[in-house]
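Indexing begins at 1, ligand by ligand and atom by atom, following the structure's order.
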Amino acid sequence: MYFERLKLALPAVRERIDRACRRVGRAGAEAVVIVAVTKGHSLEALRAAAEVGLETIGENRVQEARQKYEAAGDLGLRWHLVGHLQRNKVRQALKIFELIHSVDSLRLGLAIDREAAKLGRRAAVLVQVNASGEGAKYGLPVDEALSVASGLCEMDNLRVVGVMTMAPFVSDEEILRRTFRRTRRLYDECREHLVKFEARHLSMGMTNDFEIAVEEGSTMLRLGTVLFGER
Ligand SMILES: *Cc1c(COP(=O)(O)O)cnc(C)c1O
């Protein structure tokens, strides 16, 4: 079921990404990474994602991801954590995920740094910003984000490889666009001011807003519903 759906949905999504790129003169829609968000869907969704050639899946809860991860076997997928991470789940998270999109405090950064040191590796993270200023639960306020990013960059066992935002659930295009522009500006500021910042990923755009996000420079889309249907 997931496979049939994805076979139709993925080319359509790619086409929409492509058109958004062309509207703003961005070269190469292939430079936009799709993180297929499988939260709330069964293992079959992950298998289907692998079968249609998607390389990266996103989960938002460590517990759910862990169950799937252990049951999945090696599907050749990269796993990203897109949702909030509690400090007491960091160790488990590092065993599963190669990128954590949701670091929004120095305290969480320190916890990841410490566990990564124990595992003898550096953990790749994104700084999550609440760029809309609306009462979102997670993400740094824009005016604190640069200084927190700076602190994270100084941690030996972290690689800060970009910025992530979640836009508010509104249909007002101007609000969405403004949110993405602020996030893009923060990303550029990090690149400009922080020597250790690795400007690789600008993670913004979900099912409802991904074309606007692409127009505003997103390099990484986190797509659930448009690929797998309603959860
Ligand atoms: C669920 C989720 C997504 C995907 O949402 P859709 O609207 O289904 O595309 C993206 N990012 C995060 C952080 C999520 O929790």
Visitor: Side-chain atoms of residues 139-156: list all donor-acceptor pairs with protein atoms under 3.5 Å, sequence neighbours left out, distances to 0.1 Å.
Guide:
| residue | atom | partner | partner atom | Å |
| --- | --- | --- | --- | --- |
| Glu154 | OE1 | Lys196 | NZ | 2.9 |

Visitor: Taking only distance into account, with no hydrogens and no angle test, what donor-acceptor pairs under 3.5 Å do side-chain atoms of residues 107-114 form with protein atoms, sequence neighbours excluded?
Guide:
| residue | atom | partner | partner atom | Å |
| --- | --- | --- | --- | --- |
| Asp113 | OD1 | Asn157 | N | 2.7 |
| Asp113 | OD1 | Asn157 | ND2 | 3.3 |

Visitor: Check ligand 1 for N or O atoms under 3.5 Å from a protein N or O and list each pair with its distance.
Guide:
| residue | atom | partner | partner atom | Å |
| --- | --- | --- | --- | --- |
| ligand 1 | 8 (O) | Thr225 | N | 2.8 |
| ligand 1 | 8 (O) | Thr225 | OG1 | 2.6 |
| ligand 1 | 8 (O) | Arg231 | NH1 | 2.9 |
| ligand 1 | 8 (O) | Arg231 | NH2 | 3.3 |
| ligand 1 | 9 (O) | Thr207 | N | 3.1 |
| ligand 1 | 9 (O) | Thr207 | OG1 | 2.5 |
| ligand 1 | 9 (O) | Gly224 | N | 2.8 |
| ligand 1 | 11 (N) | Arg222 | NE | 2.9 |
| ligand 1 | 15 (O) | Lys39 | NZ | 2.7 |

Visitor: When you compare the side chains of Thr225 and Glu230, does any donor N or O come within less than 3.5 Å of an acceptor on the partner?
Guide: no

Visitor: Should the pair Arg191-Asp188 be classified as a salt bridge under the 4.0 Å nitrogen-to-oxygen rule?
Guide: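 Between Asp188 and Arg191 there is a salt bridge, with a charged N closer than 4.0 Å to a carboxylate O.
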
Visitor: Check ring-ring contact (aromatic ring centres under 6.0 Å, His included) between His84 and all other residues, then give those that pass, not counting sequence neighbours.
Guide: Tyr138

Visitor: According to a 4.5 Å side-chain heavy-atom criterion applied to Ile, Leu, Val, Met, Phe, Trp and Tyr, with indirect links allowed, do Ile100 and Ile57 form part of one hydrophobic cluster?
Guide: yes

